[in-house]
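Everything below concerns the one structure shown next.
Values below: every heavy atom of this structure, side chains too, minus hydrogens, waters and symmetry copies. By convention here, the first residue in the shown sequence is residue 1. Everything numeric in this text was worked out from a predicted model, so none of it was measured.
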Amino acid sequence: MTVRRVALVTAATSSIGRTIAEALAASGHIVYVSGRSVERGMAAVSEMSAQGEVHFLQAEALSQDDMEGLVDQIVQRHGRLDVVVNNAGGSGGFAPVHQLTDEAFDQAIRWNVSSTFWIARRAIPSMLEHGFGRIINISSVQGKQANRPNASHYVTAKHAVNGLTKAIAVEYGRQGITCNAICVGAVETDLMRTAGAASAKAVGLSYEEYRDGYASKTMIGRLNEPQEIAAMAALLASDAGGGITGAILNVDGGTCSY
């Protein structure tokens, strides 16, 4: 009997995370999505049900107990967790380095790096037990470069996510577990509309100017679509993606130079 694989996508009630969850559900995974709002989470799950089996678990990405609890609940229910997509991340308090607050810097590290570490560390024992695992970290082109002013905390955090990705890959690759990062370019998500507006204001631009500036720097002349990120995640989660690990993969419309 074929065992259905179980997947977790953090912060996935909307935007990129939700689209990844839909893609995994459509490919036959039992999918769990997390988020802060129960109301939004249940609504999202109801709307995604046409794609396959999707469940919601409430969790705050900045809470270690919540992140580890997600893994514990899923393993308790199914006896396994095969695929993890660490989608939670972001930052606030945009400012140049000499004005950046401790609170903003610490939040960015916790939101992006710590949440990814907590989930991966908790999920790996189950993956080792079953000899199969896929850890997919949603990073950013800012994890490879630094051309965005007033975002040193975000740039630093995403570079760290990429480093953690490679470290996990080298430690567990021979035990059936792959770990990769997707460096996302500009995608017009809910987070971009809020955090992007704040970042734009800090450099004297309107949000529209900020958004269009990103589009103009791509080789494809537009922003990426969430479905394009989801397609890469679905490949990495699959058996066909088993030969890819330790990779820092761009889905950015050709924005990053390497």
Side-chain angles (χ1 to χ4, degrees), residues 3-38 40-42 44-45 47-49 51-90 111-139 161 164-165 168-169 172 176-182 184 226 229-230 232-239 241 245:
V3 177
R4 291 179 67 192
R5 288 176 179 157
V6 183
L8 166 65
V9 188
T10 61
T13 60
S14 65
S15 302
I16 294 171
R18 172 169 169 165
T19 308
I20 292 172
E22 290 173 338
L24 293 177
S27 65
H29 292 78
I30 299 169
V31 179
Y32 284 81
V33 300
S34 73
R36 287 190 293 258
S37 168
V38 173
R40 287 186 63 182
M42 296 310 295
V45 164
E47 293 166 1
M48 285 190 281
S49 61
Q51 303 297 326
E53 185 175 347
V54 185
H55 305 274
F56 172 75
L57 294 173
Q58 183 183 26
E60 164 58 65
L62 296 173
S63 166
Q64 180 176 352
D65 287 344
D66 281 9
M67 291 292 97
E68 293 177 344
L70 286 173
V71 177
D72 292 346
Q73 289 179 74
I74 295 168
V75 172
Q76 184 175 23
R77 292 182 189 183
H78 298 278
R80 62 192 301 134
L81 177 55
D82 305 290
V83 178
V84 165
V85 182
N86 287 303
N87 178 65
W111 198 351
N112 296 277
V113 188
S114 298
S115 66
T116 297
F117 170 69
W118 295 327
I119 290 283
R121 180 176 63 179
R122 203 70 159 197
I124 286 170
S126 175
M127 294 175 176
L128 288 171
E129 180 183 349
H130 295 283
F132 178 93
R134 299 286 188 264
I135 300 171
I136 303 163
N137 299 325
I138 303 303
S139 186
V161 167
L164 177 60
T165 298
I168 293 172
Y172 300 100
I177 300 171
T178 67
C179 186
N180 297 284
I182 302 175
V184 178
I229 290 89
M232 177 64 78
L235 169 62
L236 296 175
S238 70
D239 287 336
T245 196

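- For the atom pair CG (L70) and CD (Q58), the distance works out to 10.0 Å, reported to the nearest 0.5 Å.
- Salt-bridge check for D66 with R36: failed, with every basic side-chain N at 4.0 Å or more from each acidic carboxylate O.
- Residue L24 holds its CG atom at 14.5 Å from OH of Y32, rounded to the nearest 0.5 Å.
- Shown here are the side chain to side chain contact (heavy atoms under 4.5 Å, CB included) partners of A181, two or more places apart in sequence or in another chain: N137, S139, N162, T165, I248.
- Considering only heavy atoms from C-beta on, I135 comes within 4.5 Å of M127 through its side chain.
- Judged by distance alone, with hydrogens and angles left aside, the side-chain atoms of S34 form a donor-acceptor pair with the main-chain N or O of A11 at under 3.5 Å.
- How far CD1 of I16 is from CD1 of I182: 9.0 Å, rounded to the nearest 0.5 Å.
- In this structure, S126 contributes its side chain and L81 its backbone to a donor-acceptor pair below 3.5 Å.
- Screening R80, H55, R77 for a side chain to side chain contact (heavy atoms under 4.5 Å, CB included) with I30, the sole residue that qualifies is H55.
- A pairwise comparison of heavy atoms in V45 and F56 identifies CG2-CB, 3.5 Å as the closest pair.
- Atom CZ of residue R5 and atom CZ of residue F132 lie 3.5 Å apart, to the nearest 0.5 angstrom.
- Taking 4.5 Å as the limit, some side-chain heavy atom of L164 sits within range of a side-chain heavy atom of F117.
- Side-chain contact between V161 and N86 is absent, with no heavy-atom pair separated by less than 4.5 Å.
- With R134 contributing its side chain and S238 its backbone, the two residues share a donor-acceptor pair below 3.5 Å.
- Look at E68 and R121 and you find a salt bridge, because one of the NZ, NE, NH1 or NH2 atoms lies within 4.0 Å of a carboxylate O, short of that distance.
- Once rounded to the nearest 0.5 Å, the distance linking CD1 of I177 with CG of L128 reads 4.0 Å.
- Distance check: H29 NE2 to Q51 CD gives 14.5 Å after rounding to the nearest 0.5 Å.
- In terms of heavy-atom proximity, A234 sits nearest to A23 at CB-CB, 4.4 Å.
- With respect to N87, the side chain to side chain contact (heavy atoms under 4.5 Å, CB included) criterion is satisfied by exactly one of I138, T19, T116: I138.
- Checked options I168, I124, I136; the residue passing with C179 is I168 (criterion: side chain to side chain contact (heavy atoms under 4.5 Å, CB included)).
- In this structure, M48 and V33 have side chains that are in contact, with non-hydrogen atoms separated by less than 4.5 Å.
- Closest approach of A25 to V54, counting heavy atoms only: CB-CG2, 3.8 Å.
- Sorted by first then second residue, the salt bridge (charged side-chain N to carboxylate O under 4.0 Å, His left out) pairs that include residues 17-32, not counting sequence neighbours, are R18-E22, R18-E47.
- Of all heavy-atom pairs spanning T13 and G41, the tightest one is CG2-CA, 3.6 Å.
- Between R40 and S14, some side-chain heavy-atom pair lies under the 4.5 Å cut-off.
- Side-chain contact check for R4 versus E53: some heavy-atom pair is nearer than 4.5 Å.
- Here the closest non-hydrogen pair linking V84 and A123 is CG2-CB, 3.8 Å.
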